[in-house]
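Just below is one structure, and these are the notes that go with it.
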Amino acid sequence: MSKEIRIFSPATVANVACGFDVLGFCLDTIGDDMVIRKTEGKGIKITKIEGYDLPFEPEKNVAGVSALAMYEALQPDCGFEIEIYKKIKPGSGIGSSSASASGSVFGMNALLGNPLNKTELTKYAMKGEALASNCEHADNIAPGIFGGFTLVKSVNPLQVLQLPTPSDLYATLIHPQIEIKTSESRAILPNKIPLQNAITQWANVGSLVHGLHTSDYELIKTALNDVVIEPYRKQLIPHFNDVKSSALSAGALGCAISGSGPSIFVLSKGEKTAKKVEESIRSAYSKTDIVFETYVSKINTEGIKRIDD
Ligand code: HSE
């Protein structure tokens, strides 16, 4: 069995418009690399972090916290070193903390001969994610670990459903280079919502899930609508409405905040439309003075993976 593995831990889009805290999907062109190494000495050490300035103390680092949770539960007869090559900017809204939290447990599990299944890995990764957002939710972690679209049916007990990915679905993302902390964008949300909004939202979640199962792009289009969270959070994202209207005019199926923002995701049918959407939102955002990046990505149905074999 190998002593060291290198992995790719992908970025993810949580919420998917109507599915706050339950729906998510996995991206394939953006993600972190991590190296996990088995050591004879016991314990968890973070030995290298490149890309962003993050804490090396395992109990203060999301990758370390999830690793410690799994380590304490399994009590293996070895230790682990973790190297993080961070490419997903923290606070970007595309699952930066969950990619790190998932990467360490995925790597340790592989080095131990895969004693844990994907749901169990998700459970330990959630411990790390909780450090970043002050609350345990798995809508970024589950799609990274399972791949494709996922629905977190419940957190306690943890139950993750893997949903089908229509083959012609593409994501376009824009990441305005401002930071929004998940904890802060959760703090602005109301505790109660009007019944009519709840009815619209759960009708959309059900329709989106049905649309994914039946590859019904028209149904997906009408279901990608968030009447509960977006009205509050869009105020934190400069020019959100301009991005949304330019994406929809370019033929997108839907456009909404990615996770807790500031990234905005768009889903389109076909790569050609996804690229046209990218051009359109680039042109809209170029009129602002905010630096931004855009990406086009197929939905990644594989999820987190080894990249050394
Ligand atoms: N569902 C979470 C939120 C995702 O929107 O706050 C970000 O961690």
Side-chain angles (χ1 to χ4, degrees), residues 9-27 30-32 54 61-63 65-66 86 88-103 122-146 149-156 158-161 163 171 173 175-176 178-191 193 197-198 201-202 204-205 208-209 224-237 240 244 254-265 267 304:
S9 192
T12 48
V13 170
N15 301 337
V16 200
C18 49
F20 180 67
D21 272 4
V22 299
L23 285 175
F25 67 83
C26 188
L27 297 167
I30 323 158
D32 295 341
L54 294 165
N61 181 302
V62 292
V65 171
S66 57
K86 194 95 202 118
I88 314 171
K89 189 173 182 227
S92 55
I94 49 171
S96 179
S97 50
S98 61
S100 298
S102 305
T122 302
K123 198 176 79 184
Y124 292 115
M126 281 169 68
K127 302 287 174 201
E129 173 79 314
L131 181 72
S133 62
N134 292 340
C135 125
E136 283 194 3
H137 52 93
D139 52 340
N140 277 116
I141 292 170
I145 289 180
F146 285 78
F149 281 83
T150 52
L151 186 148
V152 180
K153 173 164 185 312
S154 90
V155 167
N156 194 11
L158 182 63
Q159 191 179 357
V160 178
L161 309 180
L163 304 173
L173 277 110
H175 174 203
I178 54 168
E179 186 179 342
I180 297 181
K181 288 206 162 67
T182 298
S183 49
E184 286 162 18
S185 68
R186 292 182 83 83
I188 63 163
L189 300 176
N191 285 326
I193 59 169
N197 286 355
Q201 198 86 346
W202 61 56
N204 282 335
V205 174
L208 180 54
V209 170
L224 283 170
N225 189 21
D226 171 12
V227 298
V228 170
I229 305 295
E230 185 178 295
Y232 296 92
R233 284 189 168 167
K234 69 178 183 180
Q235 292 153 31
L236 302 175
I237 305 172
F240 174 80
K244 187 165 179 168
C255 171
I257 301 167
S258 175
S260 53
S263 291
I264 301 166
F265 81 93
L267 283 174
I304 188 166

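Whatever order the structure lists ligands and atoms in, that order sets their numbers, starting from 1.
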For ligand 1, which part of Asn15 has a heavy atom less than 4.0 Å away: the side chain, the backbone, both, or neither? side chain
Using a 4.0 Å cutoff against the non-hydrogen atoms of Gly259, which atoms of ligand 1 qualify? 5 (O)
To check your reading of the model: name the closest protein heavy atom to atom 8 (O) of ligand 1, its residue, and the distance in Å. His137 CE1, 2.8 Å
Distance filter under 4.0 Å to Asp139 heavy atoms, resulting ligand 1 atoms: 1 (N), 2 (C), 4 (C)
So which bit of Asp21 gets within less than 4.0 Å of ligand 1, heavy atoms only: side chain, backbone, both or neither? both
Starting from the C-alpha separation in whole Å, work towards a yes-or-no answer on salt bridge (Lys or Arg N to Asp or Glu O under 4.0 Å) for Arg233 and Asp226. CA-CA 11 Å; Arg233 284 189 168 167; Asp226 171 12; over 6 Å; no
Which atoms from ligand 1 have a heavy atom of Phe20 less than 4.0 Å away? 3 (C), 5 (O), 6 (O)
Atom pair OG/CD1 of Ser263 and Ile94 - distance to nearest 0.5 Å: 5.0 Å
Dump the intermediate steps for side chain to side chain donor-acceptor pair (under 3.5 Å) on Ser154 and Gln159, then the final yes or no. CA-CA 5 Å; Ser154 90; Gln159 191 179 357; 4.9 Å; no
Can you tell me how far CD of Glu230 sits from CZ of Phe240, rounded to the nearest 0.5 angstrom? 3.5 Å
From CD1 (Ile229) to NZ (Lys234), nearest 0.5 Å: 13.5 Å
In this structure, CD of Glu129 is separated from CD1 of Ile141 (nearest 0.5 Å) by 4.5 Å
Nearest-contact summary for atom 6 (O) of ligand 1 - protein heavy atom, Å: Arg186 NH1, 2.6 Å
Against heavy atoms of Asn140, which atoms of ligand 1 measure under 4.0 Å? 4 (C), 7 (C), 8 (O)
